[in-house]
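Any value given below was found using the heavy atoms of this structure, including those in side chains, with hydrogens, waters and symmetry copies removed.
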Amino acid sequence: MTAVVEWFKSALLELQEYVKLCVAVFRASVTRPFYYRDVVQQFDAIGVGSLAVVVLTGLFTGAVLALQTGMTLDQFGARSVVGRLVSASMVKELGPVLTALMVAGRVGSVIAAEIGSMMVTDQISALRALGTDPIRKLAVPRVLAGLFMVPVLTVVSAGIGIVGGWLVAVTQLRVASTVYWTGVVDGLFLEDLWMGLIKPFFLGFAIVSIGCHVGLRTTGGTQGVGRATANAVVISQVAVLAINFFVTRLLITLLY
């Protein structure tokens, strides 16, 4: 029982520190000074650096989605509507979630490792001694990059996924290109596009802010950095799935 109470207290402490970090990031984002060069560097590291894995993920997800749904639709003689299923699935759900999971695995671990290494080697303390706010210097550029680049990566992933579904539909399912693309357009509504664009903002913020929080709470030398990296990936990926559910539920209530 004592162990459960201690774990609960520890969890509440971490939540409190995370909320404090988010508040500090927001304040630093709207006040001077701004580190523009760091922001641009993080946009490149998080956005451009994740482009290859996001493109491959979207391509093969769309391809296998078309292949599987095409086989199922054959039972009902409705193979021609495969484009509708692929477009709706990629735009509303698979695009945002899979992109966020890939970014969490690649970016969340890197952020936790970088900031964690700076913590255990006292570089964060050196920044404070020099009068530099570590939140403003390290966390804000990464949070801004995650907030704005994950939606861009999601759009790329969804688009590539629809193209991958088209390749499979034409080559494997023998569906005409015009039929497929007509289904893609007919299967999407304005509400679906809004859902696919709004969710990545929440997911991107969660991924990067969790990575920064875990990195800033790192202790225990190099072993602590390893634990922080693993924790950042696990926590951010679980957070992606949980936030996706709650945001989806909220958007369904507001949009549909």
Using residues 222-229 as the side-chain source, report each donor-acceptor pair under 3.5 Å to any protein atom, sequence neighbours left out, with the distance given to one decimal.
residue	atom	partner	partner atom	Å
T229	OG1	V225	O	2.8

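- Taking the side chain as every heavy atom from C-beta outward, R217 and L13 approach each other to under 4.5 Å.
- Both F148 and V107 belong to a single network of hydrophobic side chains, linked directly or stepwise wherever heavy atoms of I, L, V, M, F, W or Y lie under 4.5 Å apart.
- Following chains of ILVMFWY side-chain contacts shorter than 4.5 Å, one cannot reach Y35 starting from M118, and the two form parts of different hydrophobic clusters.
- Looking at residues two or more places apart in sequence or on another chain, you find a side-chain contact (heavy atoms from CB on, under 4.5 Å) between L197 and V155.
- Under the 4.5 Å side-chain criterion, counting only non-hydrogen atoms from C-beta, I115 is in contact with C212.
- V150 and G204 make their closest contact through CG2-CA, 3.6 Å (heavy atoms, listed as atom of the first residue, atom of the second, distance).
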- Take I162 and W181 through the test side-chain contact (heavy atoms from CB on, under 4.5 Å) and record every step on the way to the result. CA-CA 9 Å; I162 293 173; W181 289 111; 3.5 Å; yes
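- Note that the CZ atom of F202 and the CZ atom of F246 stand 13.5 Å from one another [nearest 0.5 Å].
- Between G116 and T218, the closest heavy-atom pair is CA-OG1, 3.5 Å.
- V156 and F60 sit in two unconnected hydrophobic clusters of ILVMFWY residues. Membership requires side-chain heavy atoms under 4.5 Å apart, directly or through other members.
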- Task: Apply side-chain contact (heavy atoms from CB on, under 4.5 Å) to the pair C22 and F205, showing each step before the final yes or no.
- Result: CA-CA 10 Å; C22 292; F205 177 82; 3.9 Å; yes
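- In this structure, the side-chain contact (heavy atoms from CB on, under 4.5 Å) partners of L15, at least two apart in sequence or on a different chain, are V19.
- The CG atom of L138 sits 6.0 Å away from the CG atom of L127 when rounded to the nearest 0.5 Å.
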Could you list the donor-acceptor pairs under 3.5 angstrom formed by side chains in residues 38-56, with sequence neighbours left out?
residue	atom	partner	partner atom	Å
D38	OD2	K137	NZ	2.9
S50	OG	I46	O	2.8
S50	OG	R106	NH1	3.3

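- Summarising the local packing, CZ of F34 is surrounded by more than 12 heavy atoms from other residues, nucleotides or ligands at distances under 6.0 Å.
- If you chain together hydrophobic residues whose side chains sit under 4.5 Å apart, L254 and F201 never meet in one group.
- V208 and I198 end up in the same hydrophobic cluster when Ile, Leu, Val, Met, Phe, Trp and Tyr side chains are linked at under 4.5 Å.
- To the nearest 0.5 Å, atoms CG (N244) and CG (L251) are separated by 9.5 Å.
- When every heavy atom of V140 is checked against every heavy atom of A28, the shortest pair comes out as CG2-CB, 3.5 Å.
- Salt-bridge annotation for R142 and E114: present, with a side-chain N of the basic residue lying under 4.0 Å from a carboxylate O of the acidic one.
- Side-chain contact between S157 and I160 is absent, with no heavy atoms from C-beta onward closer than 4.5 Å.
- At least one donor-acceptor pair under 3.5 Å links the side chain of S29 to the backbone N or O of V25.
- Residue L173 holds its CG atom at 9.0 Å from CG of L73, rounded to the nearest 0.5 Å.
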- Query: Could you go step by step and tell me if M195 and I252 meet the side-chain contact (heavy atoms from CB on, under 4.5 Å) rule?
  - Reply: CA-CA 8 Å; M195 179 173 289; I252 288 175; 3.8 Å; yes
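- A donor-acceptor distance shorter than 3.5 angstrom exists from the side chain of K199 to the backbone of K92, with no hydrogens or angles considered.
- For V233, the side-chain contact (heavy atoms from CB on, under 4.5 Å) partners are S109, Q237, not counting sequence neighbours.
- We find the CG-OG1 distance between L255 and T248 to be 10.5 Å, quoted to the nearest 0.5 Å.
- To the nearest 0.5 Å, atoms CZ (F26) and CG (L21) are separated by 14.0 Å.
- A pairwise comparison of heavy atoms in H213 and E17 identifies CE1-CB, 3.7 Å as the closest pair.
- Checked against side-chain contact (heavy atoms from CB on, under 4.5 Å), L94 has the following partners two or more places apart in sequence or in another chain: T61, L65, S89, M90, L98.
- The minimum heavy-atom distance linking S209 with Y18 is given by the pair OG-OH, 2.6 Å.
- Side-chain contact between V23 and R27 is present, with at least one heavy-atom pair separated by less than 4.5 Å.
- With a 4.5 Å cut-off on side-chain heavy atoms, V91 and L193 count as touching.
- Heavy-atom minimum distance, G146 versus P151: O-CD, 4.2 Å.
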- Query: Going through the checks in order, is the side-chain contact (heavy atoms from CB on, under 4.5 Å) test met by T69 and V81?
  - Reply: CA-CA 9 Å; T69 55; V81 301; over 6 Å; no
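- The backbone N or O of R128 lies less than 3.5 Å from no partner atom in the side chain of T132, so there is not a single donor-acceptor pair.
- R84 places no side-chain N or O within donor-acceptor distance of the main-chain N or O of V184, the cut-off being under 3.5 Å.
- Under the 4.5 Å side-chain criterion, counting only non-hydrogen atoms from C-beta, T57 is not in contact with T99.
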